[in-house]
Peer 1: 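Encoded as structure tokens, here's the structure I'll be asking about.
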Amino acid sequence: VQLKSGYPTGWPRDYAATPLQSYLVADYLGIFLATVVLLLSGLVAVYSMRYMHRRNIGKFYALLLIMTAGVVGIGYARDLFTLYVLFEVMSVSSFILVAFEREEWEPIEAGVKYLVISTIGSLLALLAIAVVYTWTGHLDLTMLPLMLAERAGSPQMYAVLAMLLVGFGVKAAIVPMHTWLPDAHSAAPSGISAMLSGIIIEAGLIAMLKSLLGIGAVELGLGLGILALVTMFVGNLVALRQTDLKRMFAYSSVAQMGYIFLGVALALGYPATAAFSGMRGALYHILNHGIAKGGAFLCAGAFLWLLGTRDMRRLSGLGRRFPVVAICFIIFALALAGAPPFNGYFSKLLLVRAGADVGGWGLFLAVMLVLNSVISLFYYLGAVNTVIFGPVPEDTPRILKPLPFMIVLPIVVLGLLAVLLGVYPDLGLALVDPAAGQVMSMIHETLF
């Protein structure tokens with residue numbers, strides 16, 4: 001696909017004789033999202049061959065494929081109707097997968113909570129899309145900015161904007177729409193936890209971004225920056241108090257979404273200086289977070305598979321008995337904290353540089369990102385110190401079953417990727433930069 005001014009060459013802007021049409025276009029943003037989800041879902045599929053052994057494995061893989069297809073479709077969707085439908089395809093399958101361990105009450109409760117809160121968000125997004133359709137008679141994302149230009153700044157437009165922010169922000173776990181996430185991510189099967197934190201919430205953010213660009217709402221820097229700031233602080237401060245390993249990683253995902261949202265806020269709020277650099281940092285952190293957080297949840301799942309608990313106090317010292325997984329666990333923790341030379345460091349550096357390019361408010365946000373990274377280091381290193389170097393509890397069995405190769409292999413692959421993208425960040429930027437350039441051109445076309 002060749003791009004010109006953010007859209008495929010030859011893309012008709014005056015084609016629509018039929019108001020409702022469905023379009024899937026393989027642009028750079030869609031290719032980026034598809035690459036990340038296919039990488040992670042492929043490794044989760046391998047991991048689950050043993051982790052989900054004899055537990056309705058056929059239904060599990062069918063739902064995993066449906067969820068993956070929904071994420072790919074979100075990236076390729078070029079109209080609000082298709083975007084919403086594929087967003088719901090992803091959502092419905094993820095609801096079921098969260099509650100897949102139906103022998104216990106916790107996953108069912110988490111799945112129902114996830115369903116109720118996400119459904120409210122989806123209804124708000126659907127209402128906003130319906131209002132846009134009544135105004136324009138179209139839902140094409142390439143045509144709506146021109147059609148809605150006269151309504152820019154009106155109270156009705158702000159109401160639509162708020163509904164889209166809340167509707168898709170629920171799935172993206174932006175505070176205060178994040179309350180479903182800790183329960184869902186900790187109770188789901190560990191492979192699904194890796195998918196939820198690694199790419200599903202990011203797909204919600206991409207859906208939000210595409211809808212905002214579609215209605216021409218780009219000058220939102222201050223409001224989105226405040227949301228990003230609150231999200232990262234809430235996620236990190238609550239994660240400090242957790243003793244449940246998966247729940248700690250879940251709250252960490254809230255904070256990581258704050259970092260990503262900060263890049264989006266800079267890009268939309270300061271398009272003249274940070275449209276490219278902000279989106280570059282945000283998209284690269286989506287890739288790096290998917291790798292590191294996906295691997296961290298798979299490690300947590302391996303520990304759970306061995307001892308049947310997520311309590312870090314009972315997992316104390318377990319990592320020393322499985323050195324390969326322990327090394328990968330350390331890599332993921334340091335990458336998520338933003339320590340060099342791992343991949344999370346470079347994407348956070350890009351976000352800090354984007355804030356510095358803006359100056360003033362942007363520089364303040366960049367300093368807050370660095371402060372939050374320091375805060376996160378405390379609970380990441382605390383988890384490493386407990387799970388790997390802590391004393392072994394007396395009630396821990398002396399002989400444990402070996403970890404299956406199919407569980408260890410995806411963890412090692414993600415660990416190697418976290419190191420590789422930290423040492424050679426240009427490998428990731430080759431995928432990220434075209435997508436960031438596309439978003440930048442769409443922002444500039446809307447404004448100028």
Side-chain angles (χ1 to χ4, degrees), residues 39-40 42-44 46-51 190-191 193-194 197-198 239 242 244-246 248-250 252-253 256 287-307 309-348 373 376-393 396-425 427-428:
L39 168 67
L40 193 56
L43 292 173
V44 167
V46 173
Y47 180 90
S48 300
M49 290 174 68
R50 287 302 307 272
Y51 190 86
S190 294
S193 299
S197 277
Q242 302 304 310
D244 183 316
L245 184 59
K246 289 182 68 175
M248 184 200 75
F249 283 137
S252 163
S253 294
Q256 299 289 337
L287 172 61
N288 288 336
H289 178 246
I291 291 171
K293 185 55 66 62
F297 268 114
L298 295 188
C299 286
F303 299 143
L304 177 61
W305 192 83
L306 288 166
L307 288 183
T309 181
R310 307 190 305 254
D311 191 331
M312 285 187 280
R313 293 164 296 188
R314 294 189 59 192
L315 295 173
S316 180
L318 181 62
R320 293 200 300 272
R321 302 169 70 172
F322 300 90
V324 174
V325 176
I327 292 172
C328 291
F329 186 72
I330 294 172
I331 290 172
F332 298 138
L334 293 177
L336 290 168
F342 305 108
N343 60 344
Y345 165 77
F346 192 79
S347 53
K348 287 186 179 181
S373 295
S376 70
L377 195 60
F378 284 95
Y379 60 80
Y380 287 130
L381 291 183
V384 168
N385 184 59
T386 300
V387 176
I388 297 177
F389 302 109
V392 178
T396 300
R398 293 187 176 182
I399 300 177
L400 295 172
K401 53 188 175 182
L403 280 173
F405 176 75
M406 290 299 185
I407 288 181
V408 176
L409 177 62
I411 294 174
V412 172
V413 170
L414 290 172
L416 292 174
L417 285 174
V419 175
L420 183 64
L421 292 182
V423 177
Y424 299 104
L427 295 176

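All values derive from a computational prediction rather than experimental measurement.
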Peer 1: Can you name the residues that form a side chain to side chain contact (heavy atoms under 4.5 Å, CB included) with Ser193, not counting sequence neighbours?
Peer 2: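 In terms of side chain to side chain contact (heavy atoms under 4.5 Å, CB included), with neighbours along the sequence ignored, Ser193 is linked to Ala188, Lys246, Phe297.
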
Peer 1: Which atom names give the shortest non-hydrogen contact between Ala337 and Ser373, and what distance separates them?
Peer 2: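 In this case the closest contact between Ala337 and Ser373 is O-CB, 3.7 Å.
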
Peer 1: Are the side chains of Leu421 and Leu287 in contact, using a 4.5 Å heavy-atom criterion?
Peer 2: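 Leu287 vs Leu421: side chains touch.
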
Peer 1: Output all residues satisfying salt bridge (charged side-chain N to carboxylate O under 4.0 Å, His left out) with Arg310, sequence neighbours left out; order by chain, then residue number.
Peer 2: Glu106, Asp244

Peer 1: So how far is it from Ile331 CD1 to Leu336 CG, rounded to the nearest 0.5 Å?
Peer 2: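 Here the interatomic distance stands at 12.0 Å.
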
Peer 1: Rounded to the nearest 0.5 Å, what separation is found between the OG atom of Ser252 and the CD atom of Gln242?
Peer 2: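 It is 11.0 Å, given to the nearest 0.5 Å.
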
Peer 1: Short question: side chain of Tyr47, backbone of Ala302 - any donor-acceptor pair under 3.5 Å?
Peer 2: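 Confirmed, Tyr47 side chain pairs with Ala302 backbone.
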
Peer 1: Name every donor-acceptor pair, under 3.5 Å, that has one atom in a side chain of residues 319-328 and the other anywhere in the protein, sequence neighbours excluded.
Peer 2:
unit_1: Arg320; atom_1: NH1; unit_2: Ile388; atom_2: O; d: 3.0
unit_1: Arg320; atom_1: NH1; unit_2: Phe389; atom_2: O; d: 3.2
unit_1: Arg320; atom_1: NH1; unit_2: Gly390; atom_2: O; d: 2.8
unit_1: Arg320; atom_1: NH2; unit_2: Gly390; atom_2: O; d: 3.4
unit_1: Arg321; atom_1: NH1; unit_2: Pro397; atom_2: O; d: 3.0
unit_1: Arg321; atom_1: NH2; unit_2: Pro397; atom_2: O; d: 3.2
unit_1: Arg321; atom_1: NH2; unit_2: Arg398; atom_2: O; d: 2.3

Peer 1: Applying side chain to side chain contact (heavy atoms under 4.5 Å, CB included), name anything that partners Pro393, two or more places apart in sequence or on another chain.
Peer 2: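 Pro393: side chain to side chain contact (heavy atoms under 4.5 Å, CB included) contacts with Ser316, Asp395, Thr396.
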
Peer 1: Do Leu334 and Leu381 have side-chain heavy atoms sitting under 4.5 Å apart?
Peer 2: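 A side-chain contact under 4.5 Å exists here.
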
Peer 1: If you round to the nearest 0.5 Å, how far is CG of Leu304 from CG of Asp311?
Peer 2: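 It is 11.5 Å, given to the nearest 0.5 Å.
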
Peer 1: Rounded at 0.5 Å granularity, tell me how far CG in Leu245 sits from CG in Leu318.
Peer 2: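 If we round to the nearest 0.5 Å, Leu245:CG and Leu318:CG are 10.5 Å apart.
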
Peer 1: Roughly how far, to the nearest 0.5 Å, is the NZ atom of Lys348 from the CZ atom of Phe342?
Peer 2: 13.5 Å

Peer 1: By side chain to side chain contact (heavy atoms under 4.5 Å, CB included), which residues pair with Ala333, not counting sequence neighbours?
Peer 2: Tyr380, Val384

Peer 1: Quick one: side-chain hydrogen bond (donor to acceptor under 3.5 Å, both in side chains) partners of Tyr379, sequence neighbours excluded?
Peer 2: Asn236

Peer 1: For the CG atom of Leu298 and the OH atom of Tyr51, what is their distance to the nearest 0.5 Å?
Peer 2: 9.5 Å

Peer 1: Among Leu420, Val412, Leu414, which one satisfies side-chain contact (heavy atoms from CB on, under 4.5 Å) with Leu416?
Peer 2: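 Going through the options one by one, the only one that passes is Val412.
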
Peer 1: Return the set of residues passing side-chain hydrogen bond (donor to acceptor under 3.5 Å, both in side chains) with Ser253 (not counting sequence neighbours), or none when no residue passes.
Peer 2: Ser197, Lys293

Peer 1: Output all residues satisfying side chain to side chain contact (heavy atoms under 4.5 Å, CB included) with Pro404, sequence neighbours left out; order by chain, then residue number.
Peer 2: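 Once residues adjacent in sequence are excluded, the partners of Pro404 under the side chain to side chain contact (heavy atoms under 4.5 Å, CB included) criterion are Arg50, Trp305, Ile407.
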
Peer 1: According to side-chain hydrogen bond (donor to acceptor under 3.5 Å, both in side chains), who are the partners of Asn343, at least two apart in sequence or on a separate chain?
Peer 2: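 Asn343 satisfies side-chain hydrogen bond (donor to acceptor under 3.5 Å, both in side chains) with Asn288 only.
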
Peer 1: Which residues pass the side-chain hydrogen bond (donor to acceptor under 3.5 Å, both in side chains) test with Thr386, sequence neighbours left out?
Peer 2: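 For Thr386, no residue satisfies side-chain hydrogen bond (donor to acceptor under 3.5 Å, both in side chains) once neighbours in sequence are set aside.
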
Peer 1: Under the rule for ring-ring contact (aromatic ring centres under 6.0 Å, His included), what residues qualify as partners of Phe303, not counting sequence neighbours?
Peer 2: Phe329

